[in-house]
There are 2 protein chains.
Amino acid sequence: MNMKSIQLNEKEIQDKGSGCEVIPSFFNLLNSEQLKSINSNRFQVSFKAGETIIKQGSPLTHVIYLSEGKAKVLLESFGQTVLLKILSKPAIICGPGLYTDYRHYFSVEALGDTKTCFVDINLFKQLTLSNQSYVMKLVTDLNREIINLYDKLKSLTQKHMNGRLADTLIYLSEDIYQSREFTTELSRSDIANMSCMTNGSAIRTLKDFKDDGIIDCNGNHFKILKKEVLLDLSKKG
Amino acid sequence: MNMKSIQLNEKEIQDKGSGCEVIPSFFNLLNSEQLKSINSNRFQVSFKAGETIIKQGSPLTHVIYLSEGKAKVLLESFGQTVLLKILSKPAIICGPGLYTDYRHYFSVEALGDTKTCFVDINLFKQLTLSNQSYVMKLVTDLNREIINLYDKLKSLTQKHMNGRLADTLIYLSEDIYQSREFTTELSRSDIANMSCMTNGSAIRTLKDFKDDGIIDCNGNHFKILKKEVLLDLSKKG
DNA sequence: ATTGTTAGATGATATATGTCACTTCTATTT
DNA sequence: AAATAGAAGTGACATATATCATCTAACAAT
């Protein structure tokens, strides 16, 4: 991991001119003084594919801004791993340790090469508290996160493999790649972890979908052929 | 459901003198003016055992304060139900619809007779935004909720029945009844929904635990005999 | 080119858990 | 006291899914 401290002036941040682009949803809410203090307390860090950005259990000392690339959010539990979601740039990574015990409750791993920006958590707290519209946004984001977790819980506990894999494929197609056809950096094992099943089961079920003409896939290239059927499988469980 | 509007003066609220006791974690953060405005916009509502306090999918118009009794929080999905947690007085019930789409994402059902207080959501929002220490508390609570959901996800997706039922028993003993011995209002079916298994499986596994001397149970009276074993089952999955 | 290594794929088998039909118990009503 | 209803409990059986061993394909290192 390549780490360097970078000083950006306010204009650069606002112009998206550097490695650390503006997060419309966050930095735009700050005034110039606040941007300056962020500026003097940030580190840009690059990660290569597969590297660990955050390790579950470690102390939460910085909020991490993902400026380039994608990352996997992993819940590790007793040898097994649940792939919770994929983060795409631009994103602010700050787990539920905020205002609780300041530990990381998930791991984050780079999917492909990524660039990040580390901002000291105390500075982040100061800025958020002093900015009412940011507070509203924070609460909104947390509640959205909770809603997603409810959906995940329902999917993973109540649906069979077909439904769970359908959910994963819909998520990748709609939320992450925003296209019916996409090439993913995820391995079969990632897809399995995301759908809470074993490697073999994921491969088998993908094959079933392919045989039934619901999807087409060659290696990492996927194409959703019959979205209605996927949605139906998702509903039926 | 028995509904009446009640006017309380500030002193009564602070003295816990009425049907709607002080929530130390919320009302204590308010000043007298804020308490007055809460006061003139509240309804006390009583529910009998089994009655629905909140129905999943309905609009979120009020924050509900649980002043007496216990309630089940249910995630309904496609015919099946996951019992997420038990709320005990005093508690503020406000789901993730806040600041998002103002709908209820779970149902809440009275466990035994309960008393509640309905506070208009807009008033609640005003008060929370104008009070910095409340905002911190809100974010803390939301993050704790997320941490709990992570645990629930890990438990329900990665553990076998023994581990999941052990988790449920530990939760009831430690968090809800705060004793190794307790009499619960929950039915076997509730325990099953909480552990994400069928009725029959829950009863069978409870019997296994009883046969192995891990717990003792007669009807709704439970006694945890070997907590270490439960903790071990929870860890092993 | 050859070797080694990893991800992907496939099949046989074991097992955990759900389904369903049925019995027993308990409490409530008449 | 009898009748009814609902919850608790039991058992036989079906099946979804994991486990594991094996095989192939792709690709990097020598």
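Heavy-atom basis, side chains included; hydrogens, waters and symmetry copies ignored. Source: prediction; values computed, not measured. Chain A is the first sequence line, chain B the second, and so forth, proteins listed ahead of strands; every chain is numbered from 1.
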Whole-Å gap separating [atom2] ([N]) and [atom1] ([X]):
X: B:R188; N: C:dC25; atom1: CZ; atom2: P; result: 15 Å
X: B:M197; N: C:dT19; atom1: CE; atom2: C1'; result: 16 Å
X: B:N218; N: D:dA7; atom1: CG; atom2: P; result: 20 Å
X: A:N220; N: C:dA7; atom1: CG; atom2: P; result: 12 Å
X: B:Q80; N: C:dT17; atom1: CD; atom2: C1'; result: 13 Å
X: A:K159; N: D:dT15; atom1: NZ; atom2: P; result: 23 Å
X: B:I191; N: D:dA7; atom1: CD1; atom2: C1'; result: 13 Å
X: B:N199; N: C:dT23; atom1: CG; atom2: C1'; result: 15 Å

Do you know which of B:L153, B:L156, B:T157 makes side-chain contact (heavy atoms from CB on, under 4.5 Å) with A:C196?
B:T157
Indicate the ring-plane relationship of B:Y177 and B:F182, choosing parallel, tilted or perpendicular according to the 30° and 60° boundaries.
parallel
Taking 4.0 angstrom as the limit, do B:K227 and B:E174 come out as a salt bridge?
yes
When you check the gap from the basic side-chain N to the acidic O, do B:E145 and B:K152 get nearer than 4.0 Å?
no
Regarding the side chain of A:R164, the nearest nucleotide among D:dA8, D:dT17, C:dG8 is D:dT17
Where the side chain of A:T198 is concerned, which of C:dG8, C:dT17, D:dT19 is the nearest nucleotide?
D:dT19
Heavy atoms, side chains only, cut-off 4.5 Å: are B:E76 and A:K154 in contact?
no
What residues from residues 200-212 of chain B pass a heavy-atom cutoff of under 4.0 Å to DNA chain C?
B:S201, B:R204
Show your reasoning for whether salt bridge (Lys or Arg N to Asp or Glu O under 4.0 Å) applies to A:E109 and A:K70.
CA-CA 9 Å; A:E109 203 181 296; A:K70 292 191 172 71; over 6 Å; no
